[in-house]
Amino acid sequence: MTTTTPAGETAVVGKLSTLDRFLPVWIGVAMAAGLLLGRLIPGLGDALSAIEIDGISLPIAIGLLIMMYPVLAKVRYDRLDTVTGDRRLLAGSLVLNWLLGPALMFALAWIFLPDLPEYRTGLIIVGLARCIAMVIIWNDLACGDREAAAVLVALNSVFQVIMFAVLGWFYLAVLPGWLGLEQAGIDASPWQIAKSVLIFLGIPLAAGYLTRRLGERAKGRDWYETRLLPKLGPWALYGLLFTIVILFALQGERIIDQPLDVVRIALPLLVYFALMWGGGYALGAAMGLGYARTTTLAFTAAGNNFELAIAVAIATYGAASGQALAGVVGPLIEVPVLVGLVYVSLALRKRFRSESAATGATRP
């Protein structure tokens, strides 16, 4: 990373494009539009569900795939080995993402939503879906290690395909039984969850890899990253907003009738983001990773792949389910919280510099 000036550090949001800078606004507009459509157009839900692929509305499936593809096309797959030698970073990420993260969300879901099993299950699914998307944006704004972020995102992608179904079965069926808690009434088998993961993660992952491979082979990396990626990037937001419109159109009546439920879903998410980001930062600092990789570790631990969580919830429980609503609330909370944490991270950067100067260490 190149050194930025203090003035640059104070203009975090200004570094975003207009589209990204006002993302919370666009999400709010998409939610309102969905609610209005659901109210004004009778039978919209039936129409959206009429065209299905494996139990999923085709418009929703298209939105989810479009949402994930551009981000996965940004990963530099040929440079993953530049960070894989840092075993402390990889081990810390695996512990945070695949041991602590799901367990923490499981605990928070039961603490905050003991009487709302659908939302509780939706939050647990969110906890299992580790970051592979917008975390790259937050990491870059906070001057984290770009290559480390790419490696951890790719690592999470692989682990999601392998472990998501197993952990879903464990946290929704096995662990509650051991603890004497109510078990989730899942009709889907682990294979059905794995199938959703393979469809909604495997397809865009393969498409992203092939796009980069073929694009760089045809016109080079400079053209690919300066000309093609800027054109692909906004489609992630378009897909997200389109999906939110459709989901809120299906959920409109429920949201209007039960607004307090939305607030109750948001509360454990706020606690989760704060604890995971803080824990990631503390762990990175304790391991001596330096500012850049500590920041990357913290943001990859705090972020979640709500696209995947929504996809799995829809495929397993239906687009109009409480589980899907819990996933939809996620990005509305994540975006402003993680933007705020970018400011916190940049403020902590000065402390890292002071400590490095005092010990004679060099900046990462």
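Worth knowing before you read on, the calculation uses all heavy atoms, side chains too, and leaves out hydrogens, waters and symmetry mates. For the single chain, residues carry numbers from 1 onward in sequence order.
- Contact detail for A249 and L37: the closest heavy-atom pair is CB-CB, 4.5 Å.
- When the side chains of ILVMFWY residues are joined at heavy-atom separations under 4.5 Å, either directly or via intervening members, V25 and L237 end up in a single hydrophobic cluster.
- Put simply, CE on M105 and CG on L128 are 9.0 Å apart, with the number rounded to the nearest 0.5 Å.
- Looking only at side-chain heavy atoms (C-beta outward), L123 and F106 stay at 4.5 Å or farther from each other.
- The shortest heavy-atom contact between A30 and L241 is CB-O, 3.8 Å.
- When hydrophobic clusters are built by joining Ile, Leu, Val, Met, Phe, Trp and Tyr residues whose side-chain heavy atoms come closer than 4.5 Å, directly or via intermediates, L167 is grouped together with L179.
- Shown here is R213, whose CZ atom has no more than 12 heavy atoms of other residues, nucleotides or ligands within 6.0 Å.
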Checklist entry - Step by step, would you call V262 with M31 a side-chain contact (heavy atoms from CB on, under 4.5 Å)? => result CA-CA 12 Å; V262 175; M31 291 168 57; 6.0 Å; no
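- Across every non-hydrogen atom of G327 and V126, the tightest pair is CA-CG2, 4.1 Å.
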Item to check | Trace of the ring pair (Phe, Tyr, Trp, His ring centres under 6.0 Å) decision for W169 with F164 | outcome: CA-CA 9 Å; W169 168 72; F164 191 96; over 10 Å; no
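- Counting only heavy atoms from C-beta outward, the side chains of Y224 and R217 never approach each other to under 4.5 Å.
- With contacts defined as side-chain heavy-atom distances shorter than 4.5 Å, the pair V151/L90 qualifies.
- Under a hydrophobic-cluster definition in which Ile, Leu, Val, Met, Phe, Trp and Tyr are linked whenever side-chain heavy atoms come within less than 4.5 Å, directly or via other members, L210 and L229 are assigned to different clusters.
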Next on the checklist: Quick one, D145 with T296, criterion side chain to side chain donor-acceptor pair (under 3.5 Å). Give me CA distance, side-chain angles, the key distance, then yes/no.
Outcome noted: CA-CA 6 Å; D145 187 317; T296 300; 5.5 Å; no
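- Heavy-atom neighbours of F170 CZ from other residues, nucleotides or ligands within 6.0 Å: above the threshold of 12.
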Checklist entry - For F299 and V342, what are the C-alpha separation, side-chain angles and deciding distance, and is it a side-chain contact (heavy atoms from CB on, under 4.5 Å)? => result CA-CA 9 Å; F299 278 99; V342 168; 3.9 Å; yes
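- Panel note: side chain R120, backbone A109; no donor-acceptor pair is recorded below 3.5 Å.
- Between I265 and F112, every side-chain heavy-atom pair lies at or beyond the 4.5 Å cut-off.
- Relative ring orientation between W277 and Y281 is described as tilted, the plane-to-plane angle lying within the 30° to 60° band.
- In the hydrophobic clustering of this structure, L181 groups with L113; members are Ile, Leu, Val, Met, Phe, Trp, Tyr whose side-chain heavy atoms approach within less than 4.5 Å, directly or through other members.
- No donor-acceptor pair under 3.5 Å is formed between the side chain of R87 and the backbone N or O of T84.
- In this structure, L228 and E216 have side chains that are not in contact, with every pair of non-hydrogen atoms separated by 4.5 Å or more.
- The CD1 atom of I66 sits 11.5 Å away from atom OH of Y238, with the distance rounded to the nearest 0.5 Å.
- The distance from the CG atom of L269 to the CG atom of L108 is 9.0 Å, given to the nearest 0.5 Å.
- Here the straight-line distance linking atom CZ of R130 with atom CG of L96 works out to 8.5 Å at 0.5 Å rounding.
- Rounding to the nearest 0.5 angstrom, the gap separating the CG atom in D86 from the CG atom in L289 is 6.0 Å.
- Here the shortest heavy-atom pairing between M276 and A301 reads CE-O, 3.4 Å.
- One N or O on the side chain of T226 and one on the backbone of D222 form a donor-acceptor pair closer than 3.5 Å.
- The side-chain heavy atoms of L325 and E118, taken from C-beta on, include no pair separated by under 4.5 Å.
- Of the possible donor and acceptor atoms, none in the side chain of Q323 sits under 3.5 Å from a partner among the backbone N and O of G122.
- Contact annotation: the side chain of C131 never approaches that of N304 to less than 4.5 Å [non-hydrogen atoms, C-beta and beyond].
- The nearest pair of heavy atoms linking I333 to A266 is CD1-CB, 3.7 Å.
- Side-chain atoms of R212 come within 3.5 Å of backbone N or O of K74 as a donor-acceptor pair.
- Ring pair W235/Y69: centre-to-centre distance not below 6.0 Å.
- The CG atom of L99 sits 8.0 Å away from atom CG of L94, with the distance rounded to the nearest 0.5 Å.
- Of the possible polar contacts, none joining the R349 side chain to the Y291 backbone as a donor-acceptor pair under 3.5 Å is found.
- Residues V166 and V95 are members of separate hydrophobic clusters, defined by side-chain heavy-atom contacts under 4.5 angstrom among Ile, Leu, Val, Met, Phe, Trp and Tyr.
- T211 contributes a side-chain N or O that, together with a main-chain N or O of A207, makes up a donor-acceptor pair within less than 3.5 Å.
- Nearest heavy atoms, L297 versus G92: CD1-C, 3.9 Å.
- Partner V135 forms a side-chain contact (heavy atoms from CB on, under 4.5 Å) with one of T300, N305, L338 and no other, that one being T300.
- For the residue pair T121 / Y317, no side-chain donor-acceptor distance below 3.5 Å is found, with atom types taken as modelled.
- Within the 4.5 Å cutoff, side-chain heavy atoms of C143 are placed close to those of L346.
- Atom CZ of R227 has 12 or fewer heavy atoms from other residues, nucleotides or ligands within 6.0 Å.
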